[in-house]
Amino acid sequence: MSDISLTMIAVLCLAALAAGWIDAVVGGGGLLLLPALLLGLPSNTPAAYALGTNKAVAIVGTSGAAVTYARKTRVDVRLAVRIGLAALAGSSGGAFLAAGMSTEVLKPVIMVVLIAVAAFVILRPAFGTAPATGPATRRQILTAIGLAGVGIGFYDGLIGPGTGTFLVLTLTAILHLDLVAASATAKIINCCTNAGALATFAWQGTVLWQLAALMALFNLAGGTLGAHTALKKGSGFVRVVLLTVVFALVANMAYEQWVA
């Protein structure tokens, strides 16, 4: 941390606070946190340190949000953990393939999917506003494990941006959860995937623990506040934040693809 100015440390902490709030409400906090680390760390710092530190920060805020949701709303923790373990396996496979595969060709496809998702949410105002009418069927559970777990977990390991947002959308569509319950479930799943990734980065020695510990405090505060905000404001508010994050994700990918 001695190579980072106090001003930059303050900026990184504020970014961690905002990212924690966004991630708790609807996912996508990594869109803010990871670029902030990439820009804030000294220019000669390998990117792996930004990735590892990002995971060490994010897992704290995600865990805080998950605990807040679990205490304040009904969440099927057992189902979330089952999906999370599948996502952990999927992300491991994605990370394994990412080393030998260019992900640039996939980004335009992801952008098209995100735009289609945004259009669907806009044209279906009732999407994610009604609570589930009953327990999930076995078919719904298996589909959620396959798509939200293995599928999105694989995407997280291969590319990464927007994983939380994809989880919220998929859980809402498959399990017919409202957006608040979907966000709560997604946080538990994210805890599983973040734990696996952090273990790998820690084993490789690419985590700046002192900086991560400081930023994690702000991320935890943002995550807890974001969960309380989502619970208080309800699914309508989460829907607005969801659309904002989706469009931000599309803009970020478009910039990286054609401008940067």
Side-chain angles (χ1 to χ4, degrees), residues 15-36 51 54-70 73 75 80-81 83-84 86-88 90-91 94 110 113-114 117-118 121 128 144 147-175 177-198 219-220 222-227 229-231 235 237-253:
L17 178 71
W21 187 90
I22 294 170
D23 208 45
V25 174
V26 76
L31 291 173
L32 177 60
L33 186 57
L34 183 56
L51 294 169
N54 171 61
K55 286 299 181 185
V57 174
I59 193 172
V60 176
T62 299
S63 299
V67 170
T68 301
Y69 275 123
T73 189
V75 182
V81 170
I83 298 173
L88 178 60
S91 63
I110 300 299
V113 172
L114 283 169
V117 165
V121 174
L147 292 181
V150 178
I152 295 179
F154 182 84
Y155 168 82
D156 189 24
L158 187 65
I159 303 178
T163 296
T165 305
F166 279 128
L167 280 173
V168 171
L169 289 166
T170 304
L171 293 170
T172 302
I174 295 174
L175 300 178
L177 302 176
D178 63 69
L179 288 172
V180 173
S183 293
T185 306
K187 293 307 105 192
I188 298 175
I189 298 171
N190 277 344
C191 285
C192 295
T193 55
N194 284 342
L198 178 58
N219 195 250
L220 175 61
T224 304
L225 179 62
T229 304
L231 289 166
S235 295
F237 172 78
V238 175
R239 182 174 180 272
V240 173
V241 177
L242 172 65
L243 287 172
T244 302
V245 170
V246 167
F247 285 121
L249 181 57
V250 171
N252 177 70
M253 285 187 168

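Just so it is clear, the model here is predicted, and its values are computed rather than measured.
We find the CD1-CG distance between Ile83 and Leu175 to be 5.5 Å, quoted to the nearest 0.5 Å. Annotation: the span from Thr68 atom OG1 to Leu231 atom CG amounts to 8.0 Å, rounded to 0.5 Å. The CG atom of Asp23 sits 8.0 Å away from atom OG1 of Thr165, with the distance rounded to the nearest 0.5 Å. Expressed to the nearest 0.5 Å, how far CG of Leu147 lies from CD1 of Ile174 amounts to 4.5 Å. Considering CG of Leu242 and CG of Leu169, their distance stands at 5.0 Å, rounded to 0.5 Å. The CG atom of Asn54 lies 5.0 Å from the CG atom of Leu34; values are rounded to the nearest 0.5 Å.
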>> Before you tell me yes or no, could you show the steps for Thr170 and Ile152 under side chain to side chain contact (heavy atoms under 4.5 Å, CB included), namely the whole-Å CA-CA distance, both residues' side-chain angles and the distance that decides it to 0.1 Å?
In response: CA-CA 9 Å; Thr170 304; Ile152 295 179; 3.3 Å; yes

> Can Phe237 and Val25 be said to form a side chain to side chain contact (heavy atoms under 4.5 Å, CB included), step by step?
Replying inline: CA-CA 9 Å; Phe237 172 78; Val25 174; 4.2 Å; yes

>> What verdict does the side chain to side chain contact (heavy atoms under 4.5 Å, CB included) test give for Ser91 and Phe154, after you've listed the backbone C-alpha separation in whole Å, the side-chain angles of each residue and the deciding distance to 0.1 Å?
In response: CA-CA 4 Å; Ser91 63; Phe154 182 84; over 6 Å; no

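Annotation for Leu167 and Ala186: closest pair CB-CB, 4.0 Å, computed over non-hydrogen atoms. The two residues Cys191 and Thr62 make their nearest non-hydrogen contact at SG-CG2, 3.6 Å. The nearest pair of heavy atoms linking Ala227 to Ala24 is N-CB, 3.6 Å. Closest approach of Ala80 and Thr185 over heavy atoms only: CB-CG2, 3.7 Å. Of all the heavy atoms in Ala87 and Ala148, the pair that sits closest is CB-O, 4.4 Å. Residues Val168 and Ala182 approach most closely at O-CB, 3.7 Å, considering heavy atoms.
Proximity of Val75 to Thr73: side-chain heavy atoms (C-beta onward) are separated by under 4.5 Å at one or more points. Using a 4.5 Å cut-off on side-chain heavy atoms (C-beta onward), Val26 and Arg239 make no contact. For the pair Asp178/Thr172, no side-chain contact is recorded, criterion being any heavy-atom separation below 4.5 Å from C-beta on. With contacts defined as side-chain heavy-atom distances shorter than 4.5 Å, the pair Ser183/Val238 qualifies. Looking only at side-chain heavy atoms (C-beta outward), Leu171 and Ile189 come within less than 4.5 Å of each other. By the 4.5 Å heavy-atom criterion applied to side chains, Val180 and Tyr69 are counted as neighbours.
Put simply, the side chain of Asn219 gets close to the backbone of Ala16: a donor and an acceptor are under 3.5 Å apart.
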